[in-house]
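Contents: one structure, followed by commentary.
Computed over heavy atoms, backbone and side chain alike; hydrogens, waters and symmetry mates excluded. Below, read A as the first sequence line, B as the second, and so on, with proteins coming before strands; counting in each chain starts at 1.
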Protein chains: 2
Amino acid sequence: MKSSRKITDKKKINDTISSRIKNPDLVKKKHLLIAKKSAKLFIKKGFAQTTMREISRATGMAVGNLYDYISKKEDILSLVFEVYHRHVQETMEIQDNEIDENPMDQFRLFIQGSVKNVKIFHDEIHLMYRESWLLSKENLERAKQIELTQIEGLAKIIQRGIEQGVFKTQDPFFAASMIFFQLIILTMRGWTFQGKYSDKELENFLETYILQGIMA
Amino acid sequence: MKSSRKITDKKKINDTISSRIKNPDLVKKKHLLIAKKSAKLFIKKGFAQTTMREISRATGMAVGNLYDYISKKEDILSLVFEVYHRHVQETMEIQDNEIDENPMDQFRLFIQGSVKNVKIFHDEIHLMYRESWLLSKENLERAKQIELTQIEGLAKIIQRGIEQGVFKTQDPFFAASMIFFQLIILTMRGWTFQGKYSDKELENFLETYILQGIMA
DNA sequence: AAAAAAAGCGAACGGTCGTTCTTTTTTTGA
DNA sequence: TCAAAAAAAGAACGACCGTTCGCTTTTTTT
């Protein structure tokens with residue numbers, strides 16, 4: 001029997017990764033597997049330094065089989081970002097449901113939630129800030145957009161705080177951006193504080209410092 | 001005549017890069033050339049994605065000749081960092097000569113000087129934050145140490161400001177770290193502000209925001 | 001000016017990488 | 001139950017990478 005597998009068989013389903021496999025549930029399952037296992041490797045060794053053979057070993061899938069689910073190595077990096085972004089957006093939606101609180105409480109809640117998220121996704125965030133520039137133009141644009149949405153959400157909280165006189169800052173979006181970056185500092189420069197402060201201390205310092213930056 | 005070039009000929013002069021070439025001035029000159037040209041390539045394509053052949057073309061040196069001045073590709077990354085660090089330390093020494101100012105002025109001077117430096121070395125800083133983790137243990141340790149020294153310098157200024165009642169913060173070193181990170185964030189996430197603010201506006205916002213974080 | 005030393009050169013080597021190809025195994029459905 | 005479709009497998013391919021080696025050219029020394 002002639003093989004039915006030609007490169008031209010690969011489908012481009014909307015804006016997701018192309019795949020030769022027919023069963024969409026299977027594709028979703030394997031994409032998640034590939035993303036999770038690869039993320040660990042990328043974090044440890046970097047994207048460029050991780051080989052397809054290593055990914056094959058980590059996922060338990062043969063190299064040829066991997067290429068039934070992706071079309072190039074870069075697709076795997078996109079998959080990793082996709083999985084992380086999906087999670088972020090899900091937790092964002094939960095936060096959005098609590099809009100009628102007062103700005104101060106909402107702000108603290110946002111900070112605390114973010115700190116928790118940063119802790120959980122420490123490695124993934126580090127990876128994204130290290131290697132997002134390797135993404136294709138479209139995928140990079142999408143990553144930027146998601147970050148922007150998050151910053152704008154925080155800016156809105158600050159804006160309401162200014163209107164009610166509890167916060168004070170020259171520009172809410174600028175302040176939101178700075179706070180956003182301050183939140184991820186632990187991810188990128190953790191070693192600066194290594195051994196100097198306890199986790200609790202660090203969290204406390206961070207929240208106080210951020211607050212002082214926008215308090216009226 | 002038998003070639004006198006054996007790998008074992010290479011000298012390890014103290015803690016610098018090993019080289020087969022005898023003339024130290026020539027080594028220094030070529031190391032600088034290699035570092036400057038490679039930095040540009042690394043910034044554009046990343047260290048792992050830049051080939052020795054590209055570095056050869058950019059420097060005008062044959063590949064074999066490059067290896068007369070280094071012993072492995074990673075040495076070139078170290079060279080790039082070395083050149084940048086030397087510059088940073090030089091500008092730091094100038095700033096240290098002005099210790100008897102009042103803390104507020106000194107602080108502003110520090111911030112303005114840093115902003116200027118960040119602007120000049122935008123690409124190099126970006127590169128270092130992206131790829132420092134590829135360095136060998138010793139070189140990474142040295143990079144960390146230099147950053148730490150800078151932070152401690154800022155912390156000392158803040159400390160004096162607290163003693164004189166102009167600044168107020170829970171922990172000077174923590175505050176200094178946060179400020180330091182805020183200063184370089186523009187390098188990494190410049191696109192967040194792209195088209196939103198002018199350069200002058202950005203500088204002004206940044207200084208004001210940082211100041212508010214530690215003002216009494 | 002000749003010999004020795006130093007510096008420069010680029011083809012060639014061995015290995016590894018991403019990707020493809022063909023075959024084998026498993027699943028599906030009539 | 002068995003043939004057709006789908007999925008999995010891994011050997012093979014070709015390109016390219018970092019590095020080396022032996023040679024040539026240039027500079028220095030006597």
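- Across all strands shown, the partner of C/dC21 is D/dG10, judged by Watson-Crick or G-U wobble contacts whose two distances both fall under 3.5 Å.
- One atom, CD1 of A/I76, and another, P of C/dC17, lie 14 Å apart when rounded to the nearest Å.
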> Given the rule in the ring-ring contact (aromatic ring centres under 6.0 Å, His included) test, do B/F193 and A/F174 qualify, once you have shown the distances and angles that lead to the verdict?
Replying inline: CA-CA 8 Å; B/F193 303 121; A/F174 181 85; 5.4 Å; yes

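- Between A/E201 and A/K196, no side-chain nitrogen of the basic residue sits less than 4.0 Å from a carboxylate oxygen of the acidic one, so the salt-bridge criterion is not met.
- In this structure, CG of A/D68 is placed 13 Å from C1' of C/dT22, rounded to the nearest angstrom.
- For D/dT30, the paired base is C/dA1 (Watson-Crick or G-U wobble, both distances below 3.5 Å).
- Between the CD1 atom of A/I55 and the P atom of D/dA9 there is a distance of 16 Å, rounded to whole Å.
- Residue B/Y67 places no side-chain N or O under 4.0 Å from the OP1 or OP2 atom of D/dT20.
- Going from atom NZ of B/K45 over to atom P of D/dC17 covers 8 Å, rounded to whole Å.
- Close to D/dA8, at under 4.0 Å from its OP1 or OP2, lies a side-chain N or O of A/Y69.
- Atom-to-atom, CG of A/L41 to P of C/dG18 comes out at 12 Å; the value is rounded to the nearest Å.
- B/R57 places its CZ atom 13 Å from the C1' atom of D/dC17, with the value rounded to the nearest Å.
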> Between A/T59 and A/I55, is a side-chain contact (heavy atoms from CB on, under 4.5 Å) present by the stated rule, with each step listed?
Replying inline: CA-CA 6 Å; A/T59 53; A/I55 294 170; 4.3 Å; yes

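- Taking the six-membered ring where tryptophan is involved, the planes of B/F121 and B/H87 are tilted, since the angle between them lies from 30° to 60°.
- Proximity of A/K22 to the phosphate of C/dT27: no side-chain N or O atom is located under 4.0 Å from OP1 or OP2.
- Each of A/N65 and A/R53 has a nearest nucleotide on DNA chain D; the 5'-most of these lies closest to A/N65.
- Closest to the side chain of A/I21, out of C/dC9, D/dA8, D/dA9, is D/dA8.
- Across the protein-nucleic acid pair, A/R20 atom CZ and C/dC21 atom C1' stand 11 Å apart, rounded to whole Å.
- The CG-P distance, from B/N23 to D/dT28, rounds to 9 Å in whole Å.
- Between B/E54 and the choices B/Q49, B/K45, B/K37, the side chain to side chain contact (heavy atoms under 4.5 Å, CB included) rule is met once, by B/K45.
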